[in-house]
Amino acid sequence: MPKPAPIVDRPAERAWSGRLTPGRLPSGARLLGPALVVLVWEAASRLGLLSPYTLTAPSTAVVTGYELLADGTLLPHLLASAVRAYAGLFLGVTAGVVLALVSGLTRSGEALIDGVVQIKRAIPTLALVPLVIIWLGIGEAMKIFLIFTAVLVPVYINTHAALRGIDIGHVELARTLGLTRAEFVRRVALPGALPGFFVSLRLAVTLCWTALVVLELINTQTGIGYLMNRARDWGQTDIIVVGIFIYAILGLASDAVVRLVEARTLSYRKALGA
């Protein structure tokens with residue numbers, strides 16, 4: 001009687017029961033990392049590992065921030081910074097999207113625009129400060145213009161890349177259906193560029209604040225950056241930490257808003273992060 005053939009364990013035929021992709025984070029879970037950093041920071045301060053003259057404790061900064069808010073010192077500076085940051089952000093996002101569409105959808109646009117933006121990307125924004133001061137002076141226009149140029153580059157790069165990454169099959173389908181140029185832009189190009197645009201928007205909403213920190217050190221009497229710079233002169237590390245917390249909170253809140261809008265807008269996608 002012949003022996004039965006041995007059972008061969010083929011890895012390709014085994015069913016994988018483990019999880020291949022990460023699960024969706026619960027609401028607020030992204031705050032776990034920042035909260036852990038603050039807790040370690042607070043513990044180091046209370047144990048005497050951090051001197052308050054070097055870096056004040058988070059709890060002390062919270063008390064100082066409340067006092068600044070209560071006596072009316074903080075809010076005018078925050079509003080002044082917000083006007084500068086969001087004015088530059090709006091102009092930069094608008095110009096970046098328009099330039100990306102023109103460059104991504106026309107040959108002449110790419111020939112005229114793409115090289116200029118790539119040159120700007122290689123030039124640090126702060127390197128333009130002396131020249132822009134000569135052009136616009138040292139007032140608000142200079143600060144908004146430099147934030148505008150800083151924001152424009154990532155918006156253009158990511159939106160342009162998303163446009164050029166649209167599947168050629170969609171273009172062929174649009175041609176088969178007889179779509180006009182305007183219909184193609186509205187139904188294919190713009191929806192296809194949205195993922196890249198939202199990536200750029202997440203970068204832009206934080207970049208507008210990081211650029212503003214340095215710009216508010218130049219002939220400014222209002223703003224969070226000015227408040228921090230004045231506190232540095234007097235060795236008030238608690239006020240400096242208040243400014244850092246404000247930038248961190250604004251960055252996290254802005255990113256959360258963009259993520260929420262992205263999730264609603266691109267709810268039709270079935271992707272790893274959806």
Side-chain angles (χ1 to χ4, degrees), residues 30-31 33-89 92 124-130 132-133 136-151 203-257:
R30 289 188 178 89
L31 298 177
L36 183 60
V37 171
V38 171
L39 287 175
V40 173
W41 179 0
E42 180 70 25
S45 297
R46 290 183 178 274
L47 293 173
L49 301 177
L50 282 177
S51 168
Y53 300 104
T54 303
L55 186 63
T56 192
S59 57
T60 304
V62 170
V63 173
T64 301
Y66 176 78
E67 292 173 351
L68 291 173
L69 189 62
D71 65 17
T73 302
L74 183 60
L75 191 57
H77 292 287
L78 180 58
L79 291 176
S81 291
V83 169
R84 295 169 187 144
Y86 290 128
L89 175 67
T125 299
L126 295 181
L128 297 175
V129 171
V132 177
I133 288 177
L136 302 175
I138 53 178
E140 297 299 305
M142 178 271 293
K143 298 174 180 62
I144 294 174
F145 178 80
L146 287 172
I147 294 170
F148 155 76
T149 58
V151 166
L203 294 171
V205 294
T206 53
L207 188 59
C208 71
W209 285 99
T210 56
L212 184 65
V213 175
V214 179
L215 296 175
E216 285 187 333
L217 303 180
I218 304 172
N219 191 46
T220 306
Q221 300 298 318
T222 57
I224 301 300
Y226 164 76
L227 198 65
M228 295 172 68
N229 189 48
R230 190 179 65 180
R232 181 203 62 189
D233 295 336
W234 293 94
Q236 298 170 310
T237 58
D238 54 342
I239 295 180
I240 296 175
V241 173
V242 169
I244 292 173
F245 278 176
I246 290 174
Y247 286 124
I249 292 170
L250 288 172
L252 285 173
S254 300
D255 186 70
V257 170

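Along the sequence shown, residues carry numbers from 1.
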What distance separates Gln221 CD from Glu216 CD, expressed to the nearest 0.5 Å?
11.5 Å

Pairwise side chain to side chain donor-acceptor pair (under 3.5 Å) hits with a residue in residues 236-246, at least two apart:
Thr64-Asp238

Determine yes or no for a side-chain-to-main-chain donor-acceptor pair under 3.5 angstrom, with Thr210 supplying the side chain and Leu207 the backbone.
yes

Give a yes or no answer on whether the side chain of Ser254 reaches the backbone of Gly251 with a donor-acceptor pair at less than 3.5 Å.
no

Under 3.5 Å: donor-acceptor pair, side chain of Trp41, backbone of Thr56
yes

Donor-acceptor pairs under 3.5 angstrom involving side-chain atoms of residues 222-229: please list them, not counting sequence neighbours.
unit_1: Thr222; atom_1: OG1; unit_2: Arg84; atom_2: NH2; d: 2.9
unit_1: Asn229; atom_1: OD1; unit_2: Arg232; atom_2: NH1; d: 3.2
unit_1: Asn229; atom_1: OD1; unit_2: Arg232; atom_2: NH2; d: 2.9

At what distance, to the nearest 0.5 angstrom, does CZ of Phe148 lie from OG1 of Thr125?
11.5 Å

What one should report as the nearest heavy-atom pair of Val242 and Gly65 is CG2-N, 3.7 Å

Separation between OH (Tyr86) and CG (Leu212), nearest 0.5 Å, reads 10.5 Å

Heavy-atom closest pair (Pro76 atom, Gly72 atom, distance to 0.1 Å) is CD-O, 3.2 Å

Quick one: side chain to side chain contact (heavy atoms under 4.5 Å, CB included) partners of Val213, sequence neighbours excluded?
Tyr247

Show your reasoning for whether side-chain contact (heavy atoms from CB on, under 4.5 Å) applies to Ile246 and Leu74.
CA-CA 10 Å; Ile246 290 174; Leu74 183 60; 3.6 Å; yes

Mind checking the CG-CG spacing from Leu78 to Leu69? Nearest 0.5 Å is all I need.
9.0 Å

What closest approach, in Å, do Phe245 and Ala61 show between heavy atoms, and which atom pair accounts for it?
CE1-CB, 4.1 Å

Which heavy atom in Gly137 sits nearest to a heavy atom in Met142, and how many Å separate them?
O-CB, 3.3 Å

d(Leu215 CG, Ser81 OG) to nearest 0.5 Å is 10.5 Å

Closer than 3.5 angstrom, by distance alone: can the side chain of Thr54 be matched with the main-chain N or O of Leu50 as a donor-acceptor pair?
no

Go through the steps for Leu55 and Val241 under the test side-chain contact (heavy atoms from CB on, under 4.5 Å), then give the verdict.
CA-CA 8 Å; Leu55 186 63; Val241 173; 3.9 Å; yes

Val62 vs Tyr66 side-chain heavy atoms within contact, under 4.5 Å
no

To the nearest 0.5 angstrom, please state how far the OG1 atom of Thr220 sits from the CZ atom of Arg230.
13.0 Å

